[in-house]
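These numbers come from a predicted model, not from an experiment. Along the sequence shown, residues are numbered consecutively beginning with 1.
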Amino acid sequence: MASFEQAASLAARVAVDGVKEQFSPQERMEAVWQMEEEELLYLPKPDTIRTKLLHMCRENKAAAVSGLVLAVMAFAIIFADKLTVYDPNGVNLMERLLPPSAAHWCGTDELGRDIFTRILYGGRVSLLVGVIPTAISMAIGIVLGMVSGYIRQMEAVIMRLADIVLAFPSIVLAMVVMYTLGATTTNIFIALSMIGWAKTARVVRSQTLSIREQEFVEAAKGMGVGKWTIMFRHILPNCLPSLIVLFTLNIPDAILSEANLSFLGVGTQPPDSSWGLMVSQARTFAQSSPWMLIFPSLAILIMVLALNFLGDGLRDVMDPHGR
């Protein structure tokens, strides 16, 4: 039996040597590369953000439509000066309080200003107030959340500060900041940034506590990698899916907060325009000229609903364990 196996092994080696003699080393290497490429074709494709978004568009039609609506609204807001011929602050008392028509799609206000034009230009303020304070507050919350979750000596101080911020109603805290600093658009950014970081810090802290126990973090520690490098190069990338979802869900909160502040008179001030300020100015004419109140409110409603639907869709595909 042993002699048969030896003979078979010898025959196989002779066959292999014969094949090697027929092909050059370069040809053999190209054959190996071709085999490896063919094997890669059968491997599962990596689950990238692009594939996740395509999956969301196929499975969640509401999120896909919401993304399209947001894209159209953002395009109209950015290129407002190309889409309308009216001056958002141009007063024309001869055309005051006109109902919606072909000339004025959303009617005019008490000063004869085109409401559709003011909605487009006011959307710039509302959109900036939604994005910039959210980005600033999330940046603060990410840093404080990772520090409190990784450096345990700082956890008590940071989390108690977050508890204090969360203990106050956000609109009341924002009003205090606005009354203290003054009612300007810049101060709105500051106020909303100060009240929005605590929720992000809590989310990032909880994920940091889980990720810091993973093997790759322990390996980085063993190699002598510094704490800040571990936090920002190893822990933060693993938090990004949840942070993207949180970003889309925090923007409508900021837009509504700005609308509430403007409605209460401590937000955007004339002659600037925002959707909340337009709703506040339309209160007096709610019965006689309801279009002044309806169209800015619809703009807020559509924007907030679209952002929430999009955030829910992103949560389902990027953070399935958080459902």
Side-chain angles (χ1 to χ4, degrees), residues 28-60 63 131 133-166 193 196-251 310-323:
R28 293 199 298 270
M29 186 61 66
E30 291 178 355
V32 172
W33 289 343
Q34 184 178 359
M35 292 177 59
E36 292 179 348
E37 291 177 355
E38 292 177 354
E39 291 178 356
L40 290 175
L41 294 176
Y42 296 97
L43 292 177
K45 294 182 179 180
D47 199 11
T48 61
I49 293 180
R50 180 175 178 271
T51 58
K52 291 180 178 180
L53 291 177
L54 291 176
H55 176 72
M56 181 195 72
C57 293
R58 289 192 301 266
E59 300 296 330
N60 194 330
V131 173
T134 300
I136 295 174
S137 63
M138 287 194 65
I140 297 172
I142 288 170
V143 174
L144 295 180
M146 285 195 301
V147 170
S148 63
Y150 193 81
I151 304 175
R152 304 305 292 271
Q153 296 84 353
M154 300 294 296
E155 181 180 11
V157 176
I158 295 175
M159 286 298 101
R160 297 300 77 76
L161 183 60
D163 290 339
I164 294 173
V165 174
L166 293 174
S193 300
W197 65 268
K199 294 180 181 179
T200 304
R202 282 195 169 277
V203 172
V204 174
R205 170 184 169 272
S206 64
Q207 293 201 340
T208 302
L209 290 174
S210 174
I211 296 172
R212 72 190 299 268
E213 305 299 332
Q214 299 289 332
E215 290 80 1
F216 65 90
V217 176
E218 296 296 334
K221 290 181 184 178
M223 295 173 62
V225 179
K227 294 180 178 179
W228 292 99
T229 303
I230 291 176
M231 285 190 286
F232 285 97
R233 294 191 61 182
H234 298 282
I235 294 179
L236 179 59
N238 289 277
C239 299
L240 285 181
S242 298
L243 292 175
I244 293 173
V245 175
L246 190 62
F247 182 74
T248 59
L249 294 176
N250 283 346
I251 290 177
L310 181 61
D312 289 340
L314 289 174
R315 180 180 57 192
D316 291 342
V317 298
M318 303 190 72
D319 189 19
H321 299 291
R323 284 182 286 181

Would you check, one step at a time, whether the test side-chain contact (heavy atoms from CB on, under 4.5 Å) holds for T208 with V147?
-> CA-CA 9 Å; T208 302; V147 170; over 6 Å; no

Do [X] and [Y] make a side-chain contact, defined as non-hydrogen atoms from C-beta onward lying under 4.5 Å apart?
X	Y	result
M154	S148	no
I211	M146	no
F247	T200	no

With N238 via side-chain hydrogen bond (donor to acceptor under 3.5 Å, both in side chains) - residues at least two apart = none

Evaluate the criterion side-chain contact (heavy atoms from CB on, under 4.5 Å) for residue pair F216 and I230; output intermediate values, then yes/no.
-> CA-CA 10 Å; F216 65 90; I230 291 176; over 6 Å; no

d(I251 CD1, L310 CG) to nearest 0.5 Å is 9.0 Å

From I158 CD1 over to L161 CG, what is the distance, rounded to the nearest 0.5 angstrom?
-> 8.5 Å

Could you give all pairs that pass the salt bridge (Lys or Arg N to Asp or Glu O under 4.0 Å) test and reach residues 219-237, with sequence neighbours left out?
->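 Output for this query lists E218-K221.
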
Can you name the residues that form a side chain to side chain contact (heavy atoms under 4.5 Å, CB included) with T248, not counting sequence neighbours?
->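 Testing T248 for side chain to side chain contact (heavy atoms under 4.5 Å, CB included), a comparison that skips the adjacent residues, returns L314.
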
Sequence-distant partners of L166, side chain to side chain contact (heavy atoms under 4.5 Å, CB included), two or more places apart |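 Scan of L166 (side chain to side chain contact (heavy atoms under 4.5 Å, CB included), adjacent residues dropped) gives A198, K199, R202.
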
Output all residues satisfying salt bridge (charged side-chain N to carboxylate O under 4.0 Å, His left out) with R205, sequence neighbours left out; order by chain, then residue number.
-> E155

For the student: nearest non-hydrogen atoms of L209 and R212, plus distance =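 Taking L209 first and R212 second, the nearest heavy atoms are O-CG, 3.4 Å.
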
Identify every side-chain donor-acceptor pair in residues 135-144 under 3.5 Å, counting partners at least two apart or on other chains, and give the distances.
unit_1: S137; atom_1: OG; unit_2: P133; atom_2: O; d: 2.9
unit_1: S137; atom_1: OG; unit_2: T134; atom_2: O; d: 3.0

